Amino acid sequence: MKRANRLRELIRMLQEREGGRADELAQALGVSLRTVRRDLAELRAEGVDVDASAGRGGGVRLGARAPRALSLSLPEVVSLWLAAQVSHGAAALPWSSVAQRAVRQLLAALPPARARHLRALGQRIITGPPPTPSMLRDYTGTGDAARSLLPVLEEAMFAGTALRFTYRDRGGRLSTRHVEPHGLLVQAPLWYLLGKDVGADAPRMFRMDRIARPTRSAHTFAPDEAVVWALLPDGFAWQALGGGSRS
């Protein structure tokens with residue numbers, strides 16, 4: 001596990017367990033006790049309030065000063081996460097490590113339930129390489145369309161409810177779709193809904209600037225990361241916002 005992902009995972013465990021022993025955290029992360037202690041020291045240096053008690057194993061928890069009132073929407077978190085990913089991927093940028101630290105502090109500040117929700121969604125939000133010129137041929141620059149859909153998609157993805165919407169395909173033909181929203185793919189400036197067509201019972205990908213009038217339906221489903229990854233073509237490096245990659 002990459003160190004940046006391990007630090008986010010460490011914060012997640014401290015939030016969900018409301019603390020724990022250092023040796024237990026080390027075992028869960030698959031690293032040494034010394035590594036966990038070094039990671040905890042780094043989190044403190046970044047400004048994350050972590051309390052650790054002495055003794056065998058050592059008790060560790062987020063401190064009383066750790067803020068808990070912060071509430072971010074999915075579009076806000078995705079934007080921050082993407083900015084950190086882009087900065088981290090560009091070695092020439094001097095603030096890349098700062099962006100990663102900022103994201104970890106924000107995640108530590110979220111209420112535990114909200115943090116768990118966003119991390120789960122982060123596993124189903126995938127970033128990919130920039131789109132090719134042919135992919136952008138009919139793109140009109142309507143990035144606002146994708147952003148306006150995100151609040152509806154967040155509710156549906158969190159609640160596990162399907163969406164009905166009007167879809168315009170690359171030929172301009174309109175159709176009504178009923179789709180389980182399992183994940184999102186971001187190839188900025190393009191955004192894609194990764195889901196399962198309810199009628200066809202098959203994975204499908206929908207470009208979000210071609211979606212109109214989405215509404216939640218009564219159909220429910222269990223989120224499945226396998227649906228998300230099955231829609232991504234081989235040969236590219238795909239990265240989940242919540243950690244993990246495939247190619």
Side-chain angles (χ1 to χ4, degrees), residues 73-75 77-79 81-82 116-247:
S73 67
L74 176 62
V77 170
V78 170
S79 296
W81 230 327
L82 284 175
R116 287 194 296 272
H117 162 46
L118 290 172
R119 283 196 180 86
L121 287 181
Q123 295 298 327
R124 295 187 281 139
I125 299 174
I126 313 300
T127 60
T132 64
S134 62
M135 294 168 64
L136 293 170
R137 190 167 296 146
D138 67 333
Y139 179 66
T140 60
T142 54
D144 288 342
R147 285 190 289 271
S148 67
L149 289 173
L150 279 173
V152 180
L153 284 173
E154 179 185 10
E155 291 179 1
M157 290 173 68
F158 177 64
T161 56
L163 292 172
R164 294 187 187 276
F165 53 82
T166 300
Y167 191 68
R168 173 180 54 82
D169 67 17
R170 67 178 64 186
R173 295 177 293 270
L174 297 178
S175 60
T176 300
R177 302 300 185 97
H178 190 201
V179 176
E180 298 174 354
H182 287 265
L184 299 174
L185 167 63
V186 183
Q187 289 184 267
L190 300 180
W191 291 64
Y192 295 87
L193 167 61
L194 307 176
K196 180 182 286 187
D197 185 290
V198 175
D201 191 28
R204 293 288 187 270
M205 182 183 295
F206 303 91
R207 218 171 77 180
M208 288 174 58
D209 58 300
R210 296 174 178 166
I211 294 175
R213 296 185 292 278
T215 58
R216 290 170 56 186
S217 76
H219 175 86
T220 60
F221 68 97
D224 188 353
E225 289 180 32
V227 173
V228 174
W229 293 105
L231 285 164
L232 303 176
D234 296 331
F236 295 97
W238 306 104
Q239 179 77 40
L241 285 186
S245 61
R246 299 187 191 182
S247 58

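What you see is a predicted model, and the numbers here were worked out from it, not measured in a lab.
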I need the [X] [atom1] to [Y] [atom2] distance, nearest 0.5 Å.
| X | Y | atom1 | atom2 | answer |
| --- | --- | --- | --- | --- |
| L231 | I126 | CG | CD1 | 10.5 Å |
| T166 | R210 | OG1 | CZ | 15.0 Å |
| R137 | T132 | CZ | OG1 | 8.0 Å |
| E225 | R124 | CD | CZ | 7.5 Å |
| L184 | Y192 | CG | OH | 13.0 Å |
| F165 | L193 | CZ | CG | 5.5 Å |

**Prompt:** So, H182 side chain and D224 main chain: donor-acceptor pair closer than 3.5 Å or not?
**Reply:**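 Confirmed, H182 side chain pairs with D224 backbone.
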
**Prompt:** Which pairs, with at least one residue in residues 171-182 and sequence neighbours excluded, count as a salt bridge (charged side-chain N to carboxylate O under 4.0 Å, His left out)?
**Reply:**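 Found D169-R173.
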
**Prompt:** Is there side-chain contact between L194 and V227, with at least one heavy-atom pair below 4.5 Å?
**Reply:**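 They are not in contact (no side-chain heavy atoms under 4.5 Å apart), so the answer is no.
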
Looking only at heavy atoms, which two atoms of [X] and [Y] are closest? And how far apart?
| X | Y | answer |
| --- | --- | --- |
| L163 | A156 | CD2-CB, 3.8 Å |
| L153 | P181 | CD2-CB, 4.2 Å |
| L190 | P131 | CD1-CB, 3.8 Å |
| G128 | L185 | N-CD1, 4.2 Å |
| P129 | W238 | CD-CZ3, 3.8 Å |

Donor-acceptor contacts under 3.5 Å from residues 197-208 side chains, at least two apart:
{"residue": "D197", "atom": "OD1", "partner": "G199", "partner atom": "N", "Å": "3.0"}
{"residue": "D197", "atom": "OD1", "partner": "A200", "partner atom": "N", "Å": "2.8"}
{"residue": "R207", "atom": "NE", "partner": "D209", "partner atom": "OD1", "Å": "2.9"}
{"residue": "R207", "atom": "NH1", "partner": "M135", "partner atom": "O", "Å": "3.1"}
{"residue": "R207", "atom": "NH1", "partner": "D138", "partner atom": "OD1", "Å": "3.1"}
{"residue": "R207", "atom": "NH2", "partner": "D138", "partner atom": "OD1", "Å": "3.2"}
{"residue": "R207", "atom": "NH2", "partner": "D209", "partner atom": "OD2", "Å": "3.0"}

